[in-house]
Amino acid sequence: MKTKAYKRSDAKMALALLSPSILLLLVLVAYPMISNIQISFLELPLNPNMDSTFIGLQNYMDILKDPEFYKSLALTFGYTFLVVVGSTVMGLLVAIFFNREFRFRKTARSLIILSYVTPSISLIFAWKYMFNNSYGFINFIGGDVLHLWKDAPLWFDNPVSSFVLVVLFAIWRYFPYAFISFLAILQTVDKSLYEAADMDGATVWDKFKIVTLSAIMPVLATVVTLRAIWMFYMFTDVYLLTNKVNILGIYLYQTAFAFNDLGKASAISVILFVIIFVVIMITRKRVNLNGSK
């Protein structure tokens, strides 16, 4: 009887401690999500004093019939894939390199994560300065020093070069997250495993595949999943760098604030949620927390 009483008391205490967090989630997550789904079925007038009109699935039908939506979707998938793969691979390679003793290792680690902790706006304007066609450092080196081109390229005015640059910026900007995650797990790997592999005549690739990859697989699944979510919803970096890369975040922003169609914008956000949820479920099924495929 005392055990049951203690369990009930613990449950009440746990509920009391969790209630502020639960309330916060309901206010900041659940309510906006439900409200957004509700708005996606409405046609909202610009005048807030006028009544909205229920139009059912019309907003979803309009979005799914719009060719620009599919262009933005394809561009977003390409952007997300390249950034996730590039930042993950780069973070892993740098983590493997730093997983050893050498002079000024702590200083070097601090320099590595600078791009991740520096405010995005500062980094974005630094990149725009470097690639400026009139006084940019890149055009100075490529044109005036190396004579690779006669006329300075308009890097952020061309759709192709703009896409390449926003991908490179995102890889450089966010690879420290993967670096920190992989370095933390690599430092827990028993060094004797690598010594045993050396005694068995294993190559560098064999040691990576058998020892390193098996150890980092749970972290790898988490890094890829979280980075895919963040990149799929990216808006700020791309919007401030260029207006030539119309990913879904920018397409949604233009629908909501340029065309003042909040119903369609809400429908786009719901569609995005469904897409990323399906992708995450597929990813999590292929790579489980035990590190096996």
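None of these values were measured; they are calculated from a predicted model.
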[X] side-chain N/O to [Y] backbone N/O, donor-acceptor pair under 3.5 Å:
X	Y	answer
S161	D157	no
N59	S40	yes
T80	A228	no
S35	P32	no

Exercise for the section: For I180 and I113, run side chain to side chain contact (heavy atoms under 4.5 Å, CB included): C-alpha distance rounded to whole Å, both residues' side-chain angles, the deciding distance at 0.1 Å, then the answer. Expected result: CA-CA 8 Å; I180 295 171; I113 65 173; 3.7 Å; yes
Exercise for the section: For the residue pair V270 and Y60, establish whether any side-chain heavy-atom pair is separated by less than 4.5 Å. Expected result: yes
Problem - Heavy-atom closest pair, residues Y79 and A170 - result: OH-CB, 3.6 Å
Would you tell me whether [X] and [Y] have side-chain atoms, one donor and one acceptor, within less than 3.5 Å of each other?
X	Y	result
N139	W155	yes
S269	N36	yes
S87	Y177	no
R173	S120	yes

Problem - Shared hydrophobic cluster, I121 / Y239 (ILVMFWY, side-chain heavy atoms < 4.5 Å) - result: yes
